[in-house]
There are 2 protein chains.
Amino acid sequence: MPDTRAARTNTKDDLRSHARQLFARHGYEGVSMRDIAGAVGIRQSAIYNHFPSKQHLLADLMVRHMDRLLDAMRGAITPHQTPADALEAFARFHVTYHIDQPEDVFLAYMELRSLDDAGRKTILALRDAYEHSLRDILKTGLATGAFAIGDPAVTARALLAMMTGVTVWFKDGGALDRQAVADIYVRTTMQAVGYKP
Amino acid sequence: MPDTRAARTNTKDDLRSHARQLFARHGYEGVSMRDIAGAVGIRQSAIYNHFPSKQHLLADLMVRHMDRLLDAMRGAITPHQTPADALEAFARFHVTYHIDQPEDVFLAYMELRSLDDAGRKTILALRDAYEHSLRDILKTGLATGAFAIGDPAVTARALLAMMTGVTVWFKDGGALDRQAVADIYVRTTMQAVGYKP
DNA sequence: GTCTATAAAGGGATAGAC
DNA sequence: GTCTATCCCTTTATAGAC
């Protein structure tokens, strides 16, 4: 029989999830260590048993998010696909992942400015790797004639911004479910690159 | 002969422009009244001769931005255009305006959460009016068969996010100028709605 | 309209008991 | 690993002189 008491068995993970939620909602600068501790149910000073500073806590959240995102993306698109299949897989993955992890995603995209130089450099490299995967798909499709697009780097950024924006408005229980929303974004993406099925 | 001394002739506008720049760069919570005053060259307490609070200063910036944006957009798209012409005009306007006013735009999109309830309601209404203009173009194009899209509301949000994202990366003096970048976004937009010229 | 001075509150981080 | 207590600094906003 499981222990159902709210015992402090994993304070570090609790801190991560509440900090993520609060940072996403109010911004890094808008959240105090007391706010985070209060959400978890401990005192502010106890946070320092798990993270050496507020800045380290933010960096931890962002790096872990980017690592997970990259791993998941690499699992979603397989080598040797046609550019069209790869783009469709990428788009569906990106939109559904962002629908399911809106806080992580929002944080990573918005709070880059709150990160110190070292952390910012790390995150930018990871973000760049992610963006590059999409850019490579577009470049291949352009070379094979499957896609009709302008500059692949600009188009990649445009498509990423489009798909990432789903986090701003999507709410569970709305008129359209995840699947229906993902379908629309995938369709819009494929049309945007001029793909003719 | 004009007076070239850095006299304090328009502190209020100086406060607006420096606050806009600082808020856009570091976020509302990340900027203090001392920071703003320092940028303008006055003491922090003197701000209160022009704005009753930091919150009022933010609301002033956001409302003025949305008013200007709506006016400019309404001037850019004319009635009785075909849906395709209207969409092209809207896209070109949106991208170039956002390239030219990145700080205003970034602020209005990001700092909604820092606004109090009254201000947030005002801004959301203005934003809604703007989004509705694009949605109406898409609806008309869908009805006339000019566009091949899924839900117009979702597509409108997707396209707006795509185009607004240009503020994140565009820098003057890069490989592509405003015009070239706008061309790519306009093309991607027209293709995204399945328009066949 | 700007200044100096200050009030009142809240911020991140540390010390040391348990 | 969490607690209480505290340090030291910054924050928004106000008071009153000039």
Side-chain angles (χ1 to χ4, degrees), chain A residues 3 5-62 107 110-120, chain B residues 3 5-62 107 111 113-120:
Chain A
D3 187 346
R5 288 172 306 175
R8 280 263 66 74
T9 55
N10 206 339
T11 302
K12 192 160 189 168
D13 277 346
D14 286 355
L15 282 168
R16 284 199 182 97
S17 71
H18 283 97
R20 169 168 46 238
Q21 182 176 110
L22 289 168
F23 287 161
R25 200 164 299 177
H26 307 288
Y28 175 77
E29 305 281 359
V31 175
S32 72
M33 295 296 257
R34 284 172 177 83
D35 293 332
I36 300 167
V40 171
I42 58 176
R43 299 292 172 175
Q44 171 250 27
S45 61
I47 296 180
Y48 294 88
N49 291 318
H50 304 279
F51 299 97
S53 72
K54 190 185 176 187
Q55 185 66 218
H56 280 82
L57 174 51
L58 176 65
D60 173 283
L61 292 176
M62 293 183 69
L107 189 65
M110 278 318 307
E111 294 301 341
L112 198 67
R113 66 182 174 200
S114 302
L115 223 49
D116 61 26
D117 286 347
R120 189 181 304 122
Chain B
D3 187 345
R5 289 171 307 174
R8 279 263 66 74
T9 56
N10 205 339
T11 303
K12 192 160 187 168
D13 276 346
D14 286 354
L15 282 168
R16 285 198 182 98
S17 71
H18 283 97
R20 169 170 45 240
Q21 183 176 110
L22 289 168
F23 287 161
R25 200 164 298 176
H26 307 288
Y28 175 77
E29 305 281 359
V31 175
S32 72
M33 295 296 255
R34 278 179 178 81
D35 294 332
I36 300 166
V40 171
I42 58 175
R43 300 290 174 174
Q44 170 251 28
S45 61
I47 296 180
Y48 294 88
N49 291 317
H50 305 279
F51 298 97
S53 72
K54 191 185 176 188
Q55 185 66 219
H56 279 83
L57 174 50
L58 175 64
D60 174 282
L61 292 176
M62 293 183 69
L107 189 66
E111 294 301 342
R113 66 182 174 199
S114 302
L115 223 47
D116 62 25
D117 285 346
R120 190 181 303 122

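All heavy atoms count here, side chains included; hydrogens, waters and symmetry mates do not. So that the names make sense, note that chain A is the first sequence line, chain B the second, and so on, each numbered from 1.
In this structure, the CE atom of A/M33 is 7 Å from the P atom of C/dG12, given to the nearest Å. In this structure, the CG atom of B/L22 is 12 Å from the P atom of D/dT11, given to the nearest Å. Rounded to whole angstrom, the span from the CG atom of B/D116 across to the C1' atom of D/dT12 amounts to 15 Å. The distance between atom NE2 of B/H50 and atom C1' of D/dA13, rounded to the nearest whole Å, is 16 Å. To the nearest angstrom, P of D/dT10 lies 11 Å from CG of B/D35. Atom CD of A/Q44 and atom P of D/dA5 are 14 Å apart (whole Å). In this structure, the OH atom of B/Y48 is 15 Å from the C1' atom of C/dC3, given to the nearest Å. Rounded to an integer number of Å, the gap from A/E29 CD to C/dG11 C1' is 11 Å.
Residue-level contact check: A/V40 touches neither bases nor backbone, having no heavy atom under 4.0 Å from any strand.
Screening residues 35-57 of chain A for salt bridge (charged side-chain N to carboxylate O under 4.0 Å, His left out) gives no qualifying pairs among residues at least two apart or on separate chains.
Among residues two or more places apart in sequence or in another chain, the side-chain contact (heavy atoms from CB on, under 4.5 Å) test is passed with B/S17 by B/R20. Residues meeting the side chain to side chain donor-acceptor pair (under 3.5 Å) test with A/S114, sequence neighbours left out: A/E111. A search for side-chain contact (heavy atoms from CB on, under 4.5 Å) contacts involving B/A59 returns B/L115, not counting sequence neighbours.
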Let me have the donor-acceptor pairs involving side chains of residues 21-31 of chain B, under 3.5 Å, with sequence neighbours excluded, atom names and distances please.
{"residue": "B/Y28", "atom": "OH", "partner": "B/Q55", "partner atom": "N", "Å": "3.2"}
{"residue": "B/Y28", "atom": "OH", "partner": "B/Q55", "partner atom": "NE2", "Å": "3.4"}

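Here the side chain of B/S45 is nearest to one of C/dA15, C/dT4, C/dG12, namely C/dT4. Listed candidates were D/dC3, D/dT12, C/dA13. Nearest to the side chain of A/R43 is D/dC3.
Between B/H56 and B/Y48, every side-chain heavy-atom pair lies at or beyond the 4.5 Å cut-off.
Between A/S32 and C/dG10 there is no side-chain N or O to OP1 or OP2 distance below 4.0 Å.
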- Query: Could you go step by step and tell me if A/V40 and A/I47 meet the side-chain contact (heavy atoms from CB on, under 4.5 Å) rule?
  - Reply: CA-CA 10 Å; A/V40 171; A/I47 296 180; over 6 Å; no

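In the interface, the side chain of A/R34 is not paired with the base of C/dG10 through any donor and acceptor atom under 3.5 Å apart.
Within residues 51-58 of chain A, the residues that place at least one heavy atom under 4.0 Å from DNA chain C are, in residue-number order, A/S53, A/K54.
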